[in-house]
Asks: 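Structure incoming, see below.
Values in this document were obtained by computation on a predicted structure and should not be read as measured data.
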Amino acid sequence: MVAAARKHARERGISEKEAMSLAKRYSREITPSFNARLYFRLAIPLARRVCQALYDVRVVSAEGLKALDGRDASVVFLMNHRSNLDYVILAHLVATKRPLSFAAGEWARVWPLGPLVRALGAFFVRRGSGDDLYRRVLEGFVHLAVEDGLTQAVFPEGGLSRDGRPQAPKIGLLDLHAAELRP
């Protein structure tokens, strides 16, 4: 992050202190403020009830969940974005293994939803941001998350469609994960 801030300062003609301050602000904006009590005592039981009320959830094969047993594994789930319940269903399915972090867009930053979503493990992503410093800070977060084995969910489409059809994939964040997961 320091090297990216120095480069940003040179390119923009600002002080390194200003660039580092901006990088820290981006870092605070991106990073979740996970609250285990809220997640496991409130959100997961609520997700279970919602899933049981709306769906007949069946796990046909738990092969994909076996990777969550390994302490050194970093699992990234790719989910379609056909509804806002996708995350709720996945959180319910992996609840006994590990907490789940997910990428959330600008829509989720509004108060009071923003602090709640962040406490449930969301990391915020400014889609379409052309700011190279922001992208380097986000890349650093993804690198640390993968390195530390954070289980994540990514929506390659980047948003919901009005007609329920999948949108064209946006591979920016997915590409960061792929680069980190390569041996």
Side-chain angles (χ1 to χ4, degrees), residues 1-36 38-39 43 67 71-81 84 86-87 90-91 94 98-162 166-183:
M1 184 166 78
V2 173
R6 285 183 179 146
K7 181 181 177 195
H8 185 79
R10 280 192 309 275
E11 290 173 352
R12 300 282 198 276
I14 61 174
S15 72
E16 286 185 18
K17 184 178 179 181
E18 288 175 287
M20 275 304 295
S21 177
L22 184 58
K24 287 178 183 176
R25 192 179 95 216
Y26 289 156
S27 181
R28 282 189 302 273
E29 177 184 311
I30 293 167
T31 307
S33 62
F34 183 72
N35 182 316
L38 180 65
Y39 187 86
R71 289 284 175 221
D72 296 331
S74 183
V75 179
V76 178
F77 288 96
L78 300 178
M79 302 178 359
N80 70 34
H81 209 326
N84 282 319
D86 297 338
Y87 170 77
L90 184 59
V94 302
R98 290 189 188 173
L100 181 64
S101 183
F102 66 102
E106 294 87 356
W107 67 268
R109 291 180 55 199
V110 299
W111 192 89
L113 186 60
L116 175 64
V117 171
R118 173 178 255 111
L120 294 175
F123 59 97
F124 292 105
V125 178
R126 290 184 185 181
R127 292 178 177 92
S129 172
D131 187 336
D132 192 54
L133 180 59
Y134 175 81
R135 291 182 175 280
R136 297 294 72 85
V137 172
L138 178 60
E139 184 178 335
F141 169 77
V142 169
H143 174 78
L144 290 173
V146 170
E147 189 176 279
D148 288 343
L150 180 65
T151 302
Q152 301 169 64
V154 176
F155 302 94
E157 297 163 276
L160 296 168
S161 64
R162 293 190 185 273
Q167 296 184 47
K170 297 176 182 176
I171 62 168
L173 189 59
L174 183 58
D175 191 43
L176 288 178
H177 281 88
E180 294 304 322
L181 292 172
R182 288 183 195 113

Asks: Taking all non-hydrogen atoms of both residues into account, name the closest pair between Y39 and L100 and its distance.
Replies: OH-N, 3.0 Å
Asks: State, to 0.1 Å, how close P99 and T151 come at their nearest heavy-atom pair, and which atoms those are.
Replies: O-CB, 3.7 Å
Asks: When you look at V146 and Q152, which way does the side chain to side chain contact (heavy atoms under 4.5 Å, CB included) test go after all the steps?
Replies: CA-CA 9 Å; V146 170; Q152 301 169 64; 3.9 Å; yes
Asks: Look up atom CD in E11 and atom CG in D132, then write down how far apart they are to the nearest 0.5 Å.
Replies: 6.5 Å
Asks: Is any side-chain heavy atom of F123 less than 4.5 Å from a side-chain heavy atom of S101?
Replies: yes
Asks: For G149 versus R98, what's the shortest heavy-atom pair and its separation?
Replies: O-NH1, 2.9 Å
Asks: What donor-acceptor contacts under 3.5 angstrom involve side-chain atoms of residues 14-26, with partners at least two apart or in another chain?
Replies:
| residue | atom | partner | partner atom | Å |
| --- | --- | --- | --- | --- |
| S15 | OG | E18 | N | 3.0 |
| S15 | OG | E18 | OE1 | 3.2 |
| E16 | OE1 | R6 | NE | 3.4 |
| E18 | OE1 | S15 | N | 3.1 |
| Y26 | OH | D131 | OD2 | 2.4 |

Asks: Do F102 and L90 have side chains that get closer than 4.5 Å, going by heavy atoms?
Replies: no
Asks: Measuring from atom OG1 of T31 to atom CZ of R118, what distance do you get when rounded to the nearest 0.5 angstrom?
Replies: 7.5 Å
Asks: Check salt bridge (charged side-chain N to carboxylate O under 4.0 Å, His left out) between R126 and all other residues, then give those that pass, not counting sequence neighbours.
Replies: E29
Asks: Any idea which heavy atoms bring A103 and V125 closest together, and the distance?
Replies: CB-CG2, 4.0 Å
Asks: Nearest 0.5 Å please: distance from the NE2 atom of H143 over to the CG atom of L138.
Replies: 13.5 Å
Asks: What is the minimum heavy-atom distance between L120 and A43, and which atoms define it?
Replies: CD2-CB, 3.5 Å
